[in-house]
Amino acid sequence: MQAENGNGIKTRVFRVSDENFDAVLEEAAELIRKGGTVAFPTETVYGLGADGLLPKAVRKIFEAKQRPPGNPLSLLIHSREDLQQIVRNVPENAFKLMDAFWPGPLTLVLEKSDSVPAITSGNLPSVGVRMPDHRIPLELVNRAGRPLAAPSANLSGRPSPSSAAHVLADLEGRIDAVLDGGAVTIGVESTVVDLTAEPPVVLRPGAIGLEALEEIIGEVRLGYENANEAAGEISSEKRAGQKYGHYTPDTAVVLVEGEGDQVSEKIGELAGIFQKDGLKVGFLLSEESASFLDSKGLRSEDSEEWFLLGGREEPDMAARRLFEGLRILDLKGFDVILADGSFSNTGLGLALLNRLKEAASTRFEV
Ligand code: TXA
Ligand code: MG
């Protein structure tokens with residue numbers, strides 16, 4: 001018999017501390033070596049890892065996440081030496097980016113070697129590789145002795161997890177273990193850059209921004225869904241990994257983009273219209289929009305309706321809180337979530353706005 005919400009697996013939860021680090025990592029590495037699935041924190045979001053070179057282990061990731069076959073997984077490595085086994089024809093630009101940003105929130109798409117199975121790379125001739133800046137996955141890869149296939153540890157189509165609780169909400173009963181290492185520091189997934197293209201293409205914005213990349217390797221192109229005009233120029237093969245839906249809560253998200261108080265005003269106006277129609281509305285707001293709506297007397301008695309991401313000029317904090325906010329609001333049974341797109345696009349702002357756009361079913365520009 002399968003458990004109702006799972007694959008009938010008992011998911012073990014390990015709280016990782018300095019005292020038990022060695023023992024827990026050894027046990028987790030053993031699970032990986034046996035072909036199991038283990039979720040763990042990274043500096044970006046929680047990942048779900050399995051032996052990336054073992055098709056039957058990788059298949060368990062697809063099953064647990066209900067991830068569409070063909071959506072490529074990326075590999076986490078522990079040291080540069082791990083690269084030899086999994087990629088070939090690594091261009092000079094890749095080494096420059098590794099020097100500048102590894103370990104860190106940057107996934108490099110490179111030509112794969114034959115040892116990477118087709119199920120891992122989604123049948124593509126390339127594979128994404130990242131050296132995370134977090135001792136838990138680094139040590140897990142090191143002890144397992146294998147690169148880990150490690151997508152974000154959420155059910156496919158759900159917001160990425162920024163805590164062990166988010167992982168359990170989606171995957172309890174579907175995976176072998178979760179290593180609870182506390183909250184993540186960045187909160188949105190890594191920047192993905194395809195180096196098999198010339199000039200290289202940014203497939204997903206993240207903590208490593210465009211200017212930082214261009215400073216190291218010169219011109220790069222933007223190839224993600226919301227990157228405006230640039231996206232149209234990228235061939236469908238290059239965007240192969242990007243064609244799957246992401247970050248969509250069950251509740252419809254309406255995003256208002258634009259500058260400052262015009263956004264707050266539009267949110268207030270839309271809230272009025274929706275509420276008049278009898279719809280229950282949740283709000284994902286900057287602090288400024290919350291104050292604006294408060295000052296207009298638009299705050300309802302029920303403060304449960306509001307999730308504050310942070311100040312408009314603090315996009316890094318907002319990015320860290322985004323997935324938590326989407327998950328919390330999504331559980332409250334609203335008919336619609338009104339989301340604030342007035343954050344500055346500096347730092348993690350571009351990644352934040354990209355995730356908001358992907359979560360949105362309707363977008364307004366003011
Ligand atoms: O920060 C992160 O990257 C997190 C942590 C856990 O490491 N991982 C993560 O994995 O976000 P995932 O699978 O959820 O997202 C990886 C992205 C996907 O959009 C995938 O389609 C793309 O990278 N990708 C992977 N390999 C690719 C390839 N060979 N070509 C194009 N896109 C690729
Ligand atoms: Mg993901």
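Order of appearance sets the numbers: ligands from 1, and atoms from 1 within every ligand.
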What are the atoms of ligand 1, with element, lying closer than 4.0 Å to any heavy atom of Glu189? 1 (O), 2 (C), 11 (O)
Close approach, Ala150 and ligand 1, non-hydrogen under 4.0 angstrom: yes
Report yes if some N/O of Thr42 lies less than 3.5 Å from some N/O of ligand 1; otherwise report no. no
Does a side-chain N-to-carboxylate-O contact under 4.0 Å join Arg327 and Asp250? no
Shortest heavy-atom approach to atom 7 (O) of ligand 1 - which of His134, Arg130, Lys65: Arg130
Apply side chain to side chain donor-acceptor pair (under 3.5 Å) to Arg321 and list each qualifying residue two or more places apart in sequence or on a separate chain. none
Is Ser152 close enough that one of its N/O/S atoms sits under 2.8 Å from the Mg ion (ligand 2)? yes
Is the closest basic N to carboxylate O distance between Glu265 and Lys296 below 4.0 Å? no
Give yes or no for whether the N/O distance cutoff of 3.5 Å, strictly under, is met between Ser74 and ligand 1. no
Backbone, side chain, both or neither: what part of Asp194 comes under 4.0 angstrom of ligand 1, heavy atoms only? neither
Of Leu48, Asn154, Ile175, Val45, which is the lone residue that meets side-chain contact (heavy atoms from CB on, under 4.5 Å) with Val167? Ile175
Have a look at Pro41, Ser126, Ser160, Gly70 and point out the one with the heavy atom closest to atom 29 (N) of ligand 1. Ser126
Do any N/O atoms on Tyr46 end up under 3.5 angstrom from N/O atoms on ligand 1? no
By side chain to side chain donor-acceptor pair (under 3.5 Å), which residues pair with Asp294, not counting sequence neighbours? Arg299
Counting heavy atoms only, name the option from Gly122, Pro72, Ser156 that's nearest to atom 25 (C) of ligand 1. Pro72
Check ligand 1 against Gly47 and write out every atom of the ligand that is under 4.0 Å from a heavy-atom position of the residue. 6 (C)
Can you figure out which of Arg67, Glu111, Glu43, Lys112 has its heavy atom closest to atom 13 (O) of ligand 1? Arg67
